[in-house]
*Asks:* 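Here's a structure for you.
Source: prediction; values computed, not measured.
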Amino acid sequence: MSVPDPAFDLILVGGGLSAALIAWRLALDRPEMRVAVIERDGRLGGNHTWSFFDGDLSEADRAWLAPATPHRWPEGYDVYFPGLSRSLKTPYNSLTSERLHAVVAPLLGDRLIAGEAVEIAPGHVTLGDGRTLFAPGVIDARGPAATPHLDLGWQVFVGRTLRLAKPHGLTRPTIMDATVGQGEAYRFVYLLPFDAHTVMVEDTYYADRPTLDPALIGRRIDAYARSRGWTIEAVVAEEQGVLPIALGGDIDAFWDEGPQVARTGLAAALFHPTTGYSLPDAVAMARMIAALPDLSSPALRKATEARSKALWADRAFYRLLNRMLFRAAEPSQRWRVLRRFYGLSEGVVRRFYAGHSTTLDKARILAGKPPVPIGKAMRQLRDTHAGASL
């Protein structure tokens with residue numbers, strides 16, 4: 001039986017951040033490519049805000065993303081912990097799914113296809129309505145799936161964009177306000193001031209289980225707003241998420257499961273192991289794919305798997321720190337680990353967020369008495385040196 005001529009050169013399954021950036025970059029660099037994106041509701045990016053520091057991206061990449069990045073705070077950001085308040089100078093930026101869709105969807109036109117993939121193979125994708133789409137190249141960008149091969153903690157959050165009756169008084173983001181009550185997870189509030197009366201308040205937890213209770217967290221957001229003396233006129237938008245935090249795992253077994261096609265984004269374990277930030281990896285992946293001479297499924301699989309595994313190996317130190325946080329610290333005391341980290345030099349903090357910690361940075365992060373029980377800390381170090389859970 002002959003295979004129909006492909007209608008596309010590349011199919012991206014899933015319309016999240018990574019897929020949208022790949023489609024965008026290919027439209028800029030290789031406009032002759034017929035790129036299709038399959039997304040369940042036909043809208044790119046879902047309902048999300050992705051943030052990044054200037055130090056995470058090159059100047060050229062920040063310029064590329066500028067049309068989808070409506071918020072920038074050149075003066076830096078603040079952090080608050082019991083006994084520590086600090087302002088850091090690295091500029092901060094937020095890209096929104098609304099802007100991302102507005103920029104990329106017109107480049108795709110009718111190649112942004114609403115539907116759900118039920119079968120993915122190297123040369124085709126079959127949708128739930130029975131349609132089969134053909135392309136020499138296929139990339140799975142559907143986000144994370146349950147896997148027994150990665151050892152994970154979780155970052156769970158609800159964010160509400162609030163319009164306030166009076167100005168909130170913030171001039172820059174608060175990346176972490178950990179002065180709030182803790183409990184059975186490391187909890188902090190994250191603030192993005194969009195204008196004088198509008199602020200995004202996100203209540204975030206580094207939790208052992210991927211359990212999200214939007215109603216409970218919503219009440220805590222309301223209580224936090226009251227504690228700041230803010231009167232809420234309206235909830236302009238709400239987003240929520242459960243993001244993986246990598247503690248360890250078997251990356252080879254992870255790649256052996258599922259359809260044997262290329263992967264990107266969270267489906268390829270491409271995120272900062274500690275912060276969960278995925279935008280810098282998505283940008284780098286889009287650049288890499290746009291530069292590949294061969295965009296066939298076998299070549300794409302080889303390239304994306306190699307990149308994922310190389311970054312996994314390079315980021316073992318961050319997974320060690322995560323195990324210190326999740327396995328050595330009591331949940332109600334995890335904030336002490338982050339407070340100690342934010343007492344280090346700004347350069348160490350900046351390189352950590354970018355995933356570029358130097359050997360000296362790593363020594364500084366681990367030096368001195370750890371803010372966790374010594375025995376538990378040493379156990380995690382021994383496991384690392386023995387090659388366990390990397």
Side-chain angles (χ1 to χ4, degrees), residues 10-26 35-39 44-46 48 50 52 56-57 61 100 117 119-122 125 135 137-155 210 241-292 294-316 318-319 322 354-355 390:
L10 176 67
I11 297 174
L12 292 150
V13 184
L17 175 67
S18 190
L21 293 186
I22 292 168
W24 188 0
R25 197 65 245 171
L26 284 168
V35 178
V37 177
I38 299 169
E39 170 54 35
L44 298 170
H48 294 289
W50 295 277
F52 58 96
D56 296 344
L57 300 178
D61 282 334
L100 185 65
E119 181 189 2
I120 300 176
V125 178
V138 174
I139 300 177
D140 186 351
R142 291 177 295 175
T147 174
H149 302 303
L150 299 185
D151 184 9
L152 302 172
W154 304 95
Q155 183 184 158
V242 178
L243 301 178
I245 299 295
L247 281 68
D250 184 340
I251 194 67
D252 293 323
F254 171 74
W255 272 91
D256 286 342
E257 67 183 351
Q260 296 301 294
V261 297
R263 298 186 212 163
T264 189
L266 298 182
L270 291 174
F271 57 92
H272 191 297
T274 303
T275 67
Y277 281 28
S278 60
L279 186 142
D281 279 343
V283 168
M285 180 63 85
R287 288 283 193 185
M288 184 194 80
I289 287 175
L292 287 175
D294 183 357
L295 293 181
S296 68
S297 280
L300 286 165
R301 168 73 184 203
K302 181 179 179 180
T304 58
E305 182 176 354
R307 179 166 184 81
S308 167
K309 290 182 176 180
L311 287 173
W312 183 267
D314 186 58
R315 292 169 174 174
Y318 302 112
R319 295 193 297 278
N322 293 346
L390 289 179

*Asks:* Please check: side-chain N/O of Asp252 versus main-chain N/O of Phe254, any donor-acceptor pairing under 3.5 Å?
*Replies:*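 No.
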*Asks:* Under a 4.0 Å N-O cut-off, is there an ion pair linking Lys309 with Asp314?
*Replies:*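 No.
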*Asks:* Write down the atom of Ala19, the atom of Ala141, and the distance for their closest heavy-atom approach.
*Replies:*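 That would be CB-CB, 3.9 Å.
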*Asks:* Give a yes or no answer on whether the side chain of Gln260 reaches the backbone of Gly258 with a donor-acceptor pair at less than 3.5 Å.
*Replies:*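 Indeed, once roles are kept as given, a pair shorter than 3.5 Å links the two residues.
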*Asks:* Heavy atoms, side chains only, cut-off 4.5 Å: are Ser18 and Leu270 in contact?
*Replies:*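 Sidechains of Leu270 and Ser18: no contact.
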*Asks:* Given 3.5 Å as the limit, does a donor-acceptor pair link the side chain of Arg25 with the main chain of Ala290, or not?
*Replies:*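 It does not hold such a pair.
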*Asks:* Which pair of heavy atoms, one from Gly143 and one from Ala267, lies closest together, and at what distance?
*Replies:*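 Smallest heavy-atom distance, with atoms named: O-CB, 3.5 Å.
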*Asks:* Do Arg263 and Ile139 make a side-chain contact, defined as non-hydrogen atoms from C-beta onward lying under 4.5 Å apart?
*Replies:*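 No, side chains not in contact.
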*Asks:* Any sub-3.5 Å donor-acceptor pair from Asp151's side-chain atoms to Leu247's backbone N or O?
*Replies:*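 Between the backbone of Leu247 and the side chain of Asp151 there is no qualifying donor-acceptor contact (under 3.5 Å).
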*Asks:* Any non-hydrogen side-chain atom of Leu100 less than 4.5 Å from a side-chain atom of Leu21?
*Replies:*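 With C-beta onward as the side chain, the pair touches.
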*Asks:* With distance as the sole test, does Asn322 use its side chain to make a donor-acceptor pair with the main-chain N or O of Pro273 at under 3.5 Å?
*Replies:*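 Yes; at least one donor-acceptor contact below 3.5 Å.
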*Asks:* Say whether, by atom type as modelled, one donor and one acceptor occur between the side chain of Gln155 and the main chain of Val242 under 3.5 angstrom.
*Replies:*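 Judged by distance alone, no pair lies under 3.5 Å.
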*Asks:* So does Ile245 get a backbone contact from the side chain of Arg319, meaning a donor-acceptor N/O pair under 3.5 Å?
*Replies:*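 Flag not set: sc Arg319 to bb Ile245 has no pair under 3.5 Å.
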*Asks:* Just so I know, are the side chains of Val138 and Leu10 near enough to count as touching, which here means a heavy-atom distance under 4.5 Å?
*Replies:*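 A side-chain contact under 4.5 Å is absent here.
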*Asks:* Stepwise, does the side chain to side chain contact (heavy atoms under 4.5 Å, CB included) test hold for Leu26 with Leu295?
*Replies:* CA-CA 11 Å; Leu26 284 168; Leu295 293 181; 4.2 Å; yes
*Asks:* Quick one: pull up CD in Glu257 and CG in Asp250 and give me the separation to the nearest 0.5 Å.
*Replies:*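 Between Glu257 CD and Asp250 CG, I get 10.0 Å after rounding to 0.5 Å.
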*Asks:* Does Lys302 have any salt bridge (charged side-chain N to carboxylate O under 4.0 Å, His left out) partners at least two apart in sequence or in another chain, and if so, which?
*Replies:*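 Partners of Lys302 under the salt bridge (charged side-chain N to carboxylate O under 4.0 Å, His left out) test: none.
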*Asks:* Do Tyr277 and Asp56 come within less than 4.5 Å of each other through their side chains, counting heavy atoms only?
*Replies:*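 Yes, at least one pair of side-chain atoms sits under 4.5 Å.
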*Asks:* Grab the two heavy atoms, one from Ala23 and one from Val37, that are nearest each other, plus how far apart they are.
*Replies:*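 It is CB-CG2, 4.0 Å.
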*Asks:* Considering non-hydrogen atoms only, spot the tightest contact between Leu292 and Ala303 and give its length.
*Replies:*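 Residues Leu292 and Ala303, closest heavy atoms: CD1-CB, 3.9 Å.
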*Asks:* Would you please name every residue forming a ring pair (Phe, Tyr, Trp, His ring centres under 6.0 Å) with His272, sequence neighbours left out?
*Replies:*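 Per chain and number, His272 pairs via ring pair (Phe, Tyr, Trp, His ring centres under 6.0 Å) with Tyr318, Phe352.
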*Asks:* Looking only at heavy atoms, which two atoms of Gly276 and Leu243 are closest? And how far apart?
*Replies:*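 For Gly276 and Leu243, the tightest heavy-atom pair comes out as O-CD1, 4.4 Å.
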*Asks:* Working to the nearest 0.5 angstrom, can you tell me the gap between Asp256 CG and His149 NE2?
*Replies:*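 The CG atom of Asp256 sits 7.5 Å away from the NE2 atom of His149.
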*Asks:* With distance as the sole test, does Ser278 use its side chain to make a donor-acceptor pair with the main-chain N or O of Phe271 at under 3.5 Å?
*Replies:*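 No, the answer is negative, given that no donor and acceptor are paired below the 3.5 Å cut-off.
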*Asks:* Is it true that a side-chain atom of Thr304 and a backbone atom of Leu300 form a donor plus acceptor pair closer than 3.5 Å?
*Replies:*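 Side chain of Thr304 to backbone of Leu300: a pair is present.
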*Asks:* Tell me every residue that passes ring pair (Phe, Tyr, Trp, His ring centres under 6.0 Å) with Trp255, counting only those two or more places apart in sequence or in another chain.
*Replies:*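 Trp255: no ring pair (Phe, Tyr, Trp, His ring centres under 6.0 Å) contacts found.
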*Asks:* How many angstroms lie between CZ in Phe52 and OG1 in Thr275, if you round to the nearest 0.5 Å?
*Replies:*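 Reported value, rounded in 0.5 Å steps: 13.5 Å.
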*Asks:* Taking the side chain as every heavy atom from C-beta outward, state whether Ile22 and Trp24 have any atom pair closer than 4.5 Å.
*Replies:*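 The answer is no, as the side chains (C-beta and beyond) never meet within the 4.5 Å cut-off.
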*Asks:* Show the nearest heavy-atom pair for residues Pro259 and Arg301, with the distance to one decimal.
*Replies:*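 Minimum heavy-atom contact is O-NH1, 3.6 Å.
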*Asks:* Among Thr264, Ile11, Val125, Ile120, find the residue that satisfies the side-chain contact (heavy atoms from CB on, under 4.5 Å) test when tested with Asp140.
*Replies:*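 When Thr264, Ile11, Val125, Ile120 are each tested with Asp140, the side-chain contact (heavy atoms from CB on, under 4.5 Å) holds only for Ile120.
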